[in-house]
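Notes to accompany the following structure.
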Amino acid sequence: MKKIAILGATGSVGRQALDIIEKFPDRFKVTALTAHRSSDELLETAKRLGACYVGLTGCNGDLEFEKKVPKGMKAGFGIQGLVESCTAGNPDIVLIAVVGIAGLPPLIECLDRGIDVALANKESLVCGGHIVKQKQKTSKSELFPVDSELCAIYQCLNGVDTTGLRRIILTASGGPFFDWDKESIQKATVEQALCHPNWRMGKKITVDCATYMNKGLEIIEARWLFDVPPDKIDVVVHRQSIIHSMIEYNDGAVIAQLGPTDMRQPIQYAFGHPERLNSVVGHLDFTQLKTLTFDVPDTDKFPCLKHAQNAIRAGGAMPIIMNAANEAAVELFLEKKIAFGDIEKSVAFAMNKFSDLKANTLIEIYTTDKEVKDYVYHNI
Ligand code: NDP
Ligand code: MG
């Protein structure tokens, strides 16, 4: 019986992870669950699955909530609640499926304590990849990427080192604005940006897909997860999202991972590892796949991809600055306070303005993140 903590249990990835756990009741058991504000759903799920700990991260205390927590279950709040969830009930693996840089403290906690991680959250690696890499040298933790493209590369590499690797090829769906003209994209509405052609996901990542920042974040994830230089990580637009990503060796051999377009596949891979559990999402029928298309990403229409490539090449604090500006601008866009085109402009502006900030330590990362976000909230 594997014991699993789910951080971000009320979100898109979190709920799909709970579905996997409920489909394999004799293999998986929940320890802790967290949510940011969805306290009713959090408690209801925690009771149903017998969790021993609930973390409500959007506040630093809530007496009403505490009164509803049953005997034998503990409650925690804020960042502390998130970090305590990594150890409460001694989980074998922690799924980090919260959104934004909030994923970094629990990731560090797991690495420090030697607990395995199923990592859906990408912003933690984008901001803290250099520290994570350093900690992995001595940590007993295994890191299983849950982001479908990164999980695909993990499976393609299959534990073999990257000697002889020519490049990693990340596939991108192209998002909702693939065939829109540049001017129309600038004025896209929230409803249009949230209309992803292939995946149903949380709002932030869905907007990131529309700007292509999501693929930029994945380049940075891949750089840290697989220790591959950024110029060996390419992106190809593959509208069908059937090939989840590929690797190419120097001799021209390409290894790809294909599968149903369903996040439960990479989640069950991470939970079941090293075993391959029976699919809960069905299987590909190749006779029904009439066309698989491949296009060059258009960085003129979607400059966020270029910004991310520049950020990881520049190194230092630049990926944190880029990520912070993006997180803040996406929030403002979802609140209908800025236009879709302003997201990219905010990112470009912040990368230009804040080039001298530092990010060598965790404290410096959080300070840089806050400074850039505050600027975007008040000046864009
Ligand atoms: P959702 O917005 O659907 O869910 C986010 C979850 O985290 C919710 O449980 C939410 O609680 C909680 N949360 C929100 N803000 C915070 C915060 N500041 N601190 C702690 N917890 C918070 O997101 P997704 O499930 O779509 O994505 C989660 C992560 O996984 C992201 O980093 C995303 O990029 C990555 N990812 C997602 C994929 C997907 O298919 N959805 C695919 C690949 C990667 P509440 O409900 O109370 O707000
Ligand atoms: Mg992805």
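Counting from 1, the numbers follow the sequence of the chain as shown. Counting convention: from 1, in listed order, for ligands and their atoms alike. Note that this is a predicted model, so its numbers are computed, not measured.
Of all atoms in ligand 1, numbered sequentially from 1 with element shown, those under 4.0 Å from a heavy atom of A120 are 30 (O), 35 (C), 36 (N), 44 (C). Every atom of ligand 1 with a heavy atom of A9 under 4.0 Å away is listed here by number and element: 9 (O). Ligand 1 places these atoms under 4.0 Å from at least one heavy atom of S38: 45 (P), 46 (O), 47 (O).
Proximity of the aromatic rings of F333 and F340 is defined here by a centroid distance below 6.0 angstrom, and this criterion is met. No close placement of the F271 and F24 rings is indicated, their centers lying 6.0 Å or farther apart.
Close N/O approach between R200 and ligand 1 is not found [any backbone or side-chain N/O within under 3.5 Å]. Between T34 and ligand 1, no pair of N/O atoms sits closer than 3.5 Å. Considering backbone and side-chain N/O of A35, none are found under 3.5 Å from N/O of ligand 1. The distance criterion of under 3.5 Å between nitrogen or oxygen atoms is not met by D147 with respect to ligand 1. Below 3.5 Å of separation, one finds no N or O of K203 facing any N or O of ligand 1.
Rounding to 10 degrees, one finds that the Mg ion (ligand 2) sits at the corner of an angle of 100° between E218 OE2 and D147 OD1.
Among protein heavy atoms, atom 41 (N) of ligand 1 sits closest to S12 OG, 3.1 Å. Closest protein heavy atom to atom 15 (N) of ligand 1: V99 CG1, 3.5 Å. In terms of protein heavy-atom proximity, atom 25 (O) of ligand 1 is nearest to V13 N, 2.9 Å. Looking only at heavy atoms of the protein, atom 4 (O) of ligand 1 is closest to G11 CA, 3.1 Å. Closest protein heavy atom to atom 32 (O) of ligand 1: E123 OE1, 2.8 Å. Scanning the protein for heavy atoms near atom 20 (C) of ligand 1, the closest one is T57 OG1, 3.3 Å. For atom 18 (N) of ligand 1, the nearest non-hydrogen atom of the protein is H36 CE1, 3.3 Å. When only non-hydrogen protein atoms are considered, atom 47 (O) of ligand 1 lies nearest to R37 N, 2.6 Å.
Using a 4.0 Å cut-off between a side-chain N of Lys or Arg and a carboxylate O of Asp or Glu, K122 and E149 do not qualify as a salt bridge. Between E248 and R166 there is a salt bridge, with a side-chain nitrogen of the basic residue lying less than 4.0 Å from a carboxylate oxygen of the acidic one. Using a cut-off of 4.0 Å between Lys/Arg side-chain N and Asp/Glu carboxylate O, E275 and R27 are scored as salt-bridged.
With hydrophobic clusters built from ILVMFWY side chains whose heavy atoms lie under 4.5 angstrom apart, F294 does not share a cluster with F302. Both I220 and L143 belong to a common hydrophobic cluster when Ile, Leu, Val, Met, Phe, Trp and Tyr are linked at side-chain heavy-atom distances under 4.5 angstrom.
Q268 places a side-chain N or O within 3.5 Å of a backbone atom of L277 that can act as its donor or acceptor partner. In this structure, the side chain of H307 does not engage the main chain of A311 through any donor-acceptor pair within 3.5 Å. Remark: side-chain polar atoms of N121 are paired, donor with acceptor, to backbone N or O of G100 under 3.5 angstrom.
Partner of V132 under the side-chain contact (heavy atoms from CB on, under 4.5 Å) criterion, chosen from Q136, H130, K135, Q134: Q136. Screening M322, M213, K373 for a side-chain contact (heavy atoms from CB on, under 4.5 Å) with E327, the sole residue that qualifies is K373.
The minimum distance between the Mg ion (ligand 2) and any N, O or S atom of E149 involves atom OE1.
The residue among V98, L119, L217 with a heavy atom at the shortest distance from atom 7 (O) of ligand 1 is V98. Around atom 24 (P) of ligand 1, the closest heavy atom drawn from G14, G202, G81 belongs to G202. The option with the heavy atom closest to atom 36 (N) of ligand 1, from among D208, I101, T10, I205, is I205. One option in G103, A97, P105, S148 has a heavy atom closer to atom 28 (C) of ligand 1 than any other, and that option is A97.
If you look at K122 next to ligand 1, the close heavy atoms, those under 4.0 Å, come from the backbone and the side chain alike. The residue E41 has no part lying near ligand 1, judged by heavy-atom distances below 4.0 Å.
Assignment of K204 to the shell around ligand 1 is not supported, since no heavy atom sits closer than 4.0 Å.
Counted by atom type alone, T206 and H196 present zero donor-acceptor pairs between their side chains at under 3.5 Å.
A 4.5 Å side-chain heavy-atom check between C59 and F65 finds every atom pair outside the cut-off.
Environment of NZ in K133: crowded, with over 12 heavy atoms of neighbouring residues, nucleotides or ligands closer than 6.0 Å.
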